[in-house]
Structures are given as C-alpha cells and as structure tokens.
Amino acid sequence: MELDYDRLVALRKQSSAWRLLTAGNAPLMLSFFNKVFVEQGARSIAGAELVERLDDELFALNERLGRSTFPQSAKAYLDLWSAPENGWLRKYYPPDSDEPHFDATAAVEKAISWIRSLEERSFVGTESRLNTIFDLLRQMTFGAETDPDARLAELTRRRHEIDQEIERVEAGEVDVLDSAGLRDRYQQMTATAYGLLADFREVEANFRDLDRDLRSKIAAWDGAKAGLLDEVLGSRESIAESDQGRTFQAFYDFLLAPSRQDELKTLLAEVETMEAIGEPDPRMRRMPRDWLEAAERTQGTVRQLSDQLRRFLDDQVRSEDRRVLQLVRGIESRALALRDVPGVDLIAELDATAPAIVLPMERPLYTPVVKAPIDSTGIQAGDEEFAADVLFEAVYVDPARLTAAVHRALGTRTQVSLAETLREHPLEQGLAELVAYFALPDDGFTTVFDDHRQEEITWIGEDDVRQVATVPVVTFARTSPGVAWATSQKKEGR
C-alpha cells in the first residue's frame with residue numbers, strides 16, 4: 001500500500017486504530033484491552049462482568065493517581081468505547097440472551113501490536129526470519145512449477161541433502177541449534193502465533209460485514225425471491241471461494257485434525273522444557289485452544305448467512321402476518337438510512353420481549369399429604385454382639401472427580417476412549433468407580449457405547465489382586481470445543 005499524503009489523511013480520519021492511539025484515554029484503554037482480550041484471550045465477555053473488571057481497574061488507578069483522574073463510571077466508558085463512531089469494542093446480543101456482550105475489534109489488535117513493536121527488545125533475531133523467507137520462496141517457485149522435469153530435479157536435490165544429513169548423523173556429526181538460534185526461532189514462533197490469533201478478529205469482522213450487507217439486501221428487497229437468491233447465493237459462493245475463505249477453511253481443517261493437535265501439543269511441551277529459551281510464554285500453552293475458539297466463532301458468523309436465507313425462504317412465516325412484516329421492513333429500512341448519520345441514537349428499550357401469561361387452570365389442585373402409619377408395637381431388643389464393620393465399608397464415588405479426569409484426558413482432542421482415560425487416571429475405587437464412568441452427567445461431552453466391541457479393564461484390587469472386567473467399548477466425545485473447555489474450567493474451580 002502506497003503511503004502518500006492523501007492516503008495518510010484518509011487513514012487518520014477513517015482508521016479506528018489510529019483514533020485509539022490518539023485518544024485522550026489511550027493508555028487506559030490499551031492496558032485494559034490488552035489485559036482482558038489479549039493476555040486473557042477473551043473473545044466474548046458479558047457486559048456485567050466487563051463493567052465489574054473495568055470498575056476495579058478504575059478504582060485502583062484513581063486511588064493511585066487521584067480520584068478525579070477517571071471521573072466517569074465504568075459503564076459510561078464502555079458505552080463510549082463501543083459507540084459506532086469509535087469502533088473499539090463490539091457490543092452485541094448473543095442468541096437466546098438479553099444481556100449485552102462485548103468483544104474487541106480488529107482495530108484494538110492492530111493498535112496493541114503497534115505499541116508492542118515500540119518496546120525495546122534485549123534480543124533481536126534475524127536468522128530464523130531469513131530462513132523463513134528462503135523457505136517461502138522455495139515453496140512459491142516449486143508450487144508454481146508445471147514442468148515435471150524441474151519438479152523431479154528439485155525433489156532429487158532435496159533427497160540428496162537428506163541422504164547427506166543421514167550420513168553425517170550416522171557418522172556421529174550432529175548439528176544442534178545454539179541458544180541464540182533457539183531464542184530467535186521461539187521469538188518468531190510466538191509473534192506469529194499472536195499475529196494469527198489477532199487476524200481472526202479481522203477475518204470475523206469481514207464475514208460480519210458480508211452478513212450485514214445480506215441483511216440490508218433482504219430488508220430492502222421488493223422484487224421476486226429468485227432475483228435475490230441468485231445474488232445472495234453468488235455472494236455466499238464467492239465468500240467460500242475467495243482467497244480469505246479458502247485459506248481460513250484450510251487452516252480450520254488442518255487444526256481440527258486429531259493428529260495435528262497431538263503433534264502441536266507435543267511440540268509445545270518439548271519446547272517449553274528447553275533452557276535456552278528462558279521463561280516460556282505462559283499463553284502459548286493454551287494458544288491451540290484459543291485458535292479453535294476463534295475459528296469456531298468465525299464459522300458461526302458464516303453460518304448466520306445460511307440462517308438469513310432460511311428465514312427468507314420460509315413462506316409460512318412470511319405469510320402469517322404481512323402487515324407486521326411491512327412495518328418491520330419499514331423500521332429496518334429507516335434504521336439503515338440513519339445508521340451512518342452522526343448524532344442519531346438508534347437504541348430502543350423494551351420492558352419485556354414476550355408477555356408473561358399465567359392461566360388459573362394451570363395451578364395444580366391441593367393434594368393432601370398422605371401420612372404413613374407407624375406401628376411401634378412388637379419391638380424387640382436386638383443382638384448387641386453383631387459385627388458392625390460392614391457399615392463402614394460403603395464406597396462413595398465422586399462423579400465430579402471422574403468428570404474432571406475425562407476433561408483432562410480430552411485436552412484439545414475431540415474424543416477419547418475410556419481405556420485411554422484410565423491409563424492417565426487409574427481406578428482408585430475398583431468396580432464401583434468403573435460403573436460410575438458409564439453414567440457421568442456433563443454438558444461438555446457425551447458417552448458413546450459400542451455394544452458390538454468389547455475391551456478388558458484391569459485394576460489392582462484389595463490384597464494386590466489383579467481384577468479384570470470385560471465391558472463394551474466406551475468413548476467420550478466432545479460436544480463443542482469452546483463449551484467443553486469452559487465446562488471443565490468451571491468444574492475444576494478455575
């Protein structure tokens with residue numbers, strides 16, 4: 001992009017990131033946004049929780065800098081930051097929720113990334129980036145080569161290099177990266193991981209703009225459905241076939257592969273144990289999970305396009321009350337016309353979204369309590385010399401502990417078998433604990449039984465006796481990546 005004078009003037013007026021950097025409360029906003037949406041990785045947070053966090057932040061700053069430093073309330077600041085003319089926070093209502101939620105926009109990610117680039121670094125590596133440039137150039141030239149002879153020559157060259165390296169290793173000559181090389185590559189890896197997570201906000205924003213354009217077309221469409229469907233389906237196909245859509249789908253499929261998840265988890269664990277990199281970045285441990293949640297949110301935005309088409313094609317709904325639809329379309333068209341007008345507030349409040357109706361006949365009739373008769377006659381004294389040891393041998397299995405064990409075994413995987421779970425968390429209470437695994441209640445995963453296959457579960461019982469049970473093959477399958485992780489965190493008290 002050419003940075004001439006006119007282009008910079010236009011960017012200064014239109015860019016939300018530029019306005020954020022030049023705002024009067026930029027240090028407050030950038031520090032708060034970085035803490036909540038970057039370091040903690042929040043992609044969507046309820047309004048009440050965000051107000052509470054900001055209120056704590058304002059209280060601490062006012063106590064240290066003076067009570068008049070930030071005089072407004074936390075809610076007032078959030079309303080200002082989420083205003084359309086600023087565009088730093090996205091305020092929206094999720095489905096089936098009447099509480100507003102907030103999320104940072106791509107402009108916040110860009111501003112924070114630029115601020116981070118201003119900090120002085122004690123170590124600046126260049127070797128890994130140069131190697132990356134060479135690797136990318138080789139991939140581009142080799143990937144665009146159509147001559148089979150040229151491709152064979154390149155593959156032969158690579159095989160020759162690998163053969164030479166194998167010969168050196170067999171001879172005891174092993175080239176190991178030094179500490180500078182390891183730090184250089186770790187620095188580039190973390191920067192790329194953060195940049196990839198930040199890009200998801202921009203990709204989601206682009207898809208959301210396409211969804212808003214589709215809503216605008218549906219709201220203002222007066223012609224036949226066929227014409228709108230041709231235009232909308234063409235736009236939907238162009239989204240999937242665009243460069244951004246293809247690369248996003250390829251990344252999503254790549255990340256969802258169980259083998260890739262296991263490989264990524266293993267590689268991150270091995271790198272964190274290297275002393276040369278120093279203190280590892282704590283957020284890198286949960287970066288794959290943050291990528292999955294961000295990708296799922298982006299996929300949800302794309303699915304909204306299909307939902308809009310489904311509602312439009314539902315003739316039954318459209319024919320129930322044409323007058324109501326005309327009024328709604330009039331309101332939508334008027335709102336679209338006033339959307340970009342400065343100073344116009346389009347917020348409306350409703351006391352209730354649906355009437356509360358309680359019919360008298362819904363109340364149940366009174367049912368008298370039946371008193372059980374107690375016969376105390378004929379009571380005889382018991383034997384005082386009976387063995388009471390059996391009363392203290394009752395076994396209680398805590399299902400919360402077993403549910404947490406399943407979540408830890410799942411990790412970032414989509415499913416895990418009972419046998420794999422027990423290898424990581426062996427049975428402690430024998431057969432009673434094994435049976436409890438078959439009926440774990442949890443919203444984060446489902447229990448699938450395969451009655452056509454069987455497996456043997458072993459454990460060490462009393463007196464060090466090996467016990468064996470033959471049971472159907474049981475698999476715990478994750479219902480949703482984001483929901484499962486949130487459920488496990490809540491159950492573990494994090």
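Only this structure's heavy atoms are used, side chains among them; waters, hydrogens and symmetry mates stay out.
When atom types are taken as modelled, the side chain of H425 and the backbone of R423 share no donor-acceptor pair closer than 3.5 angstrom. Between the side chain of R413 and the backbone N or O of A409 there is at least one donor-acceptor pair closer than 3.5 Å.
In this structure V435 satisfies the side-chain contact (heavy atoms from CB on, under 4.5 Å) test together with L431, sequence neighbours excluded. Partners of E161 according to the salt bridge (charged side-chain N to carboxylate O under 4.0 Å, His left out) rule, which considers only residues two or more places apart in sequence or in another chain, are R157. In this structure D79 satisfies the side-chain contact (heavy atoms from CB on, under 4.5 Å) test together with K75, K91, sequence neighbours excluded. Every residue meeting the side-chain contact (heavy atoms from CB on, under 4.5 Å) condition with L155, not counting sequence neighbours, appears here in chain and number order: F142, R158.
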With side chain to side chain contact (heavy atoms under 4.5 Å, CB included) as the test, would you mind laying out the steps for L61 and L28 before giving the verdict?
CA-CA 9 Å; L61 291 175; L28 169 65; 3.6 Å; yes
Would Y437 and V474 count as a side chain to side chain contact (heavy atoms under 4.5 Å, CB included) here? Give the steps.
CA-CA 9 Å; Y437 268 107; V474 179; over 6 Å; no
Walk me through it: do I112 and L30 pass the test side chain to side chain contact (heavy atoms under 4.5 Å, CB included)?
CA-CA 7 Å; I112 293 177; L30 290 171; 4.0 Å; yes
Worked check of side chain to side chain contact (heavy atoms under 4.5 Å, CB included) between L268 and E270
CA-CA 5 Å; L268 286 175; E270 292 180 357; over 6 Å; no
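Rounding to the nearest 0.5 Å places CG of D398 at 8.5 Å from OG1 of T403. Expressed to the nearest 0.5 Å, how far CG of L402 lies from NE2 of H407 amounts to 11.5 Å. With rounding to the nearest 0.5 Å, the separation of CH2 in W459 from CD in E433 is 10.0 Å. To the nearest 0.5 Å, atom CZ of residue F476 and atom OG1 of residue T446 are 10.0 Å apart. Between atom CD of residue Q429 and atom CG of residue L434 there is a gap of 12.0 Å, rounded to the nearest 0.5 Å. The structure places CG of L267 at 9.5 Å from CE of M189, a figure rounded to the nearest 0.5 Å.
Between A111 and L21 the shortest heavy-atom distance is CB-CD2, 4.0 Å. Of all the heavy atoms in S16 and N86, the pair that sits closest is OG-O, 3.2 Å. Here the shortest heavy-atom pairing between S44 and Y92 reads OG-OH, 2.5 Å.
No side-chain donor from either of R116 and S113 sits under 3.5 Å from a side-chain acceptor of the other.
Counting heavy atoms from C-beta on, the side chains of L118 and I115 come closer than 4.5 Å. Here the side chains of E57 and K35 are in contact, with some heavy-atom distance below 4.5 Å. Looking at V406 and T447, their side chains never come closer than 4.5 Å, going by heavy atoms from C-beta outward. You'll find the side chain of R466 reaches within 4.5 Å of the side chain of I460, heavy atoms only.
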Listed pairs under 3.5 Å, donor-acceptor, residues 103-110 side chains, sequence neighbours left out:
residue: D103; atom: OD1; partner: R201; partner atom: NH1; Å: 2.5
residue: D103; atom: OD2; partner: R201; partner atom: NH1; Å: 3.4
residue: D103; atom: OD2; partner: R297; partner atom: NH2; Å: 3.2
residue: T105; atom: OG1; partner: G87; partner atom: O; Å: 3.0
residue: T105; atom: OG1; partner: W88; partner atom: O; Å: 3.2
residue: E109; atom: OE2; partner: R201; partner atom: NE; Å: 2.6

For a quick test of your reading: what N or O donor-acceptor pairs under 3.5 Å do the side chains of residues 449-458 make, sequence neighbours left out?
residue: D450; atom: OD1; partner: H452; partner atom: N; Å: 3.2
residue: D450; atom: OD2; partner: R453; partner atom: NE; Å: 2.8
residue: D450; atom: OD2; partner: R453; partner atom: NH2; Å: 3.4

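R53 and E49 are joined by a salt bridge, as a carboxylate oxygen and a charged side-chain nitrogen come within less than 4.0 angstrom of each other. Checked for salt-bridge contact, E85 and R19 miss the test: no charged N lies under 4.0 Å from a carboxylate O.
Ring pair W81/F102: centre-to-centre distance not below 6.0 Å.
Within a 6.0 Å radius of CD in E424, other residues, nucleotides and ligands contribute more than 12 heavy atoms.
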